2 protein chains.
Amino acid sequence: MSHTLGIRQAQKQKTRQALLDAALELLEGQSLSSLGLREVTRAVGVAPTAFYRHFRSIADLGVALVEEALGSLHPTIRTALSTTGDTEERIVRAVELIAGHVERHPAHVRFIARERYGGVRPVREAIGGQLARFAEEVAEALAEDPVSEGWSRDDLLMLAQLYVDQMIMTACGFLEAQEAGPEEQERSARLAIRRLRLIGVGRRHWLDDGHDDAGSGTPG
Amino acid sequence: MSHTLGIRQAQKQKTRQALLDAALELLEGQSLSSLGLREVTRAVGVAPTAFYRHFRSIADLGVALVEEALGSLHPTIRTALSTTGDTEERIVRAVELIAGHVERHPAHVRFIARERYGGVRPVREAIGGQLARFAEEVAEALAEDPVSEGWSRDDLLMLAQLYVDQMIMTACGFLEAQEAGPEEQERSARLAIRRLRLIGVGRRHWLDDGHDDAGSGTPG
DNA sequence: ATTTCCAGAGAACAGTTGTTAACTGCATGG
DNA sequence: CCATGCAGTTAACAACTGTTCTCTGGAAAT
């Protein structure tokens with residue numbers, strides 16, 4: 001691992017990264033299923049056949065892009081979840097964190113939003129897998145919160161998924177607001193905060209009303 | 001309107017509908033931005049040039065598909081919102097309604113989910129416009145509910161959008177569950193119900209805690 | 001009955017696509 | 001130092017794309 005990889009491998013990874021970058025840029029104006037192999041190689045300035053040295057197909061490249069866009073986000077989320085503070089503070093912090101991420105990696109966010117239900121099955125599944133991992137991490141963090149006392153594992157996961165979906169929708173909102181001026185971004189932020197607030201209120205009062213759900217079926 | 005349109009116009013509309021249907025079917029395996037004009041006409045069994053008699057471009061056809069998929073949904077939603085009953089009953093009713101719609105028009109739902117953040121700008125905007133209309137209708141219905149006493153117009157719209165987004169995500173869940181067996185559909189339904197329940201709890205306790213938000217800025 | 005109109009057909013255009021094959025040059029391992 | 005491996009090139013393939021122009025048959029209007 002610590003061994004500096006040779007000139008050969010280094011150059012290969014460089015072109016591979018160039019392909020990924022070019023693809024991501026081209027994807028700002030279209031979907032993955034319409035992205036052409038030649039289109040990508042042309043943008044990089046490399047022969048079409050060179051593509052096959054790195055990816056089996058465009059779908060394969062798409063999966064790699066998912067890894068790049070979401071894979072590195074796990075530690076960020078973990079640290080964000082472990083920050084202490086007032087409920088309100090944590091909400092604002094989370095929204096700011098999302099806003100920052102969208103501002104720094106807009107193309108990545110757009111790609112994920114676009115391909116989450118996009119036309120390329122393997123990519124869809126890759127994104128779904130990563131989001132499921134996020135949800136589990138959030139659920140884990142929620143479980144350690146004293147507010148979650150008495151919550152079933154199922155309900156915790158439900159709430160975690162709700163938070164993950166909310167995170168994505170907030171990111172999408174910022175993305176749309178980004179090309180509509182800063183005052184729209186501000187509006188998006190305030191909207192996201194209020195949404196999270198409302199979900200938080202629901203969370204704190206979840207066990208107040210009786211939830212005699214006969215279908216939950218998790219007696220353990 | 002009541003005038004029976006001539007043989008000429010009738011045949012034209014028939015071809016137009018055939019193009020829409022064929023496109024929708026082809027879109028189950030790809031995104032709109034990769035759908036070819038010739039691909040569609042070939043599926044219908046018509047000359048490629050005939051396409052231009054009905055649509056200026058594929059994007060134009062996409063917008064027409066949005067109209068078809070979402071336009072007819074407004075009355076459904078309005079009636080669904082005006083049904084009376086217990087909070088829990090209404091939630092279950094709503095989820096059942098979504099499940100039924102997905103089962104009846106899976107291709108339409110898939111299309112909307114896929115193109116909401118898809119690669120074709122006019123289609124994205126058409127979907128966004130329709131969803132905004134939905135949100136306004138929901139907000140209107142919420143305003144008449146006694147639970148909404150004391151709510152600001154802004155907060156009502158926030159909640160309405162949350163419900164609309166929830167509707168779409170529930171529909172997407174059913175779509176994914178559809179190709180995974182009935183027990184997965186059941187699971188999706190129960191998950192959606194609990195989500196709506198939690199949001200409902202948050203709604204009922206929204207005004208309990210003080211929300212001295214200095215940034216809302218809607219004094220009028 | 002005759003003219004007008006127009007949905008759709010047909011052919012052709014220049015470009016594009018993914019994929020195969022055989023190649024070249026250079027970093028690498030023995 | 002020399003042989004091997006392999007990233008990237010070149011050329012060619014059949015198939016496909018959107019768009020234009022010209023044409024035709026039959027419904028509609030006069």
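Given the structure is predicted, the values throughout are model-derived calculations rather than measurements. Per chain, numbering begins at 1; letters A, B, ... match sequence-line order. All values below were derived from every heavy atom in this structure, side-chain atoms included, with hydrogens, water molecules and symmetry-related copies excluded.
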Pair R116(B) + D165(B): basic N to acidic O under 4.0 Å: yes
How close or far is atom P of dT19(C) from atom OH of Y52(A), stated in whole angstroms? 4 Å
When you measure from the side chain of R90(B) to the backbone of L81(B), do you find a donor-acceptor pair of N or O atoms at a distance under 3.5 Å? yes
Taking only N and O in the side chain of T15(B), is any of them less than 4.0 Å away from OP1 or OP2 of dG8(C)? yes
Any donor-acceptor pair under 3.5 Å between the side chain of R53(A) and the base of dC6(D)? no
Send over the distance from R8(A) CZ to dG25(C) P, rounded to a whole Å. 14 Å
With no hydrogens and no angle check, is any side-chain donor or acceptor of D155(A) less than 3.5 Å from a backbone partner on W151(A)? no
Whole angstroms only, please: what is the CZ-C1' distance between R16(B) and dG8(C)? 17 Å
Spacing between I58(B) atom CD1 and dG18(D) atom P, to the nearest angstrom: 7 Å
So which one's nearest nucleotide on DNA chain D is more toward 5', G36(B) or K12(A)? K12(A)
Quickly work out the H54(B) NE2 to dG8(C) P distance and round it to whole Å. 4 Å
Here's a test for you: under side chain to side chain donor-acceptor pair (under 3.5 Å), which of K12(A), H54(A), E68(A) qualifies with Q17(A)? E68(A)
Categorize A50(B) for me: base, sugar-phosphate, or nothing, with a 4.0 angstrom heavy-atom threshold over every strand shown. sugar-phosphate
Minimum-distance nucleotide to E39(A) side chain [options: dG8(D), dG8(C), dT17(C)]: dT17(C)
Against the side chain of L37(A), the closest entry in dG25(D), dA7(D), dG18(C) is dG18(C)
If you find the nucleotide of DNA chain D closest to P48(B) and the one closest to Q9(A), which residue's nucleotide is nearer the 5' end? Q9(A)
Between dT20(C) (P) and F51(A) (CZ): distance, integer Å: 13 Å
Single hit among L61(A), V46(A), T15(A), V44(A) for side chain to side chain contact (heavy atoms under 4.5 Å, CB included) with F51(A): L61(A)
In whole angstroms, how far is the P atom of dA27(C) from the CD atom of Q11(A)? 10 Å
Do R38(B) and dC16(D) share a donor-acceptor pair, side chain to base, under 3.5 Å? no
Looking only at dG5(D), dG8(D), dC21(D), the nucleotide nearest the T49(B) side chain is dC21(D)
Answer yes or no: does a side-chain N or O of R42(B) lie under 4.0 Å from OP1 or OP2 of dT17(D)? yes
Let me know the distance between CD of Q17(B) and P of dA7(C), rounded to the nearest Å. 17 Å
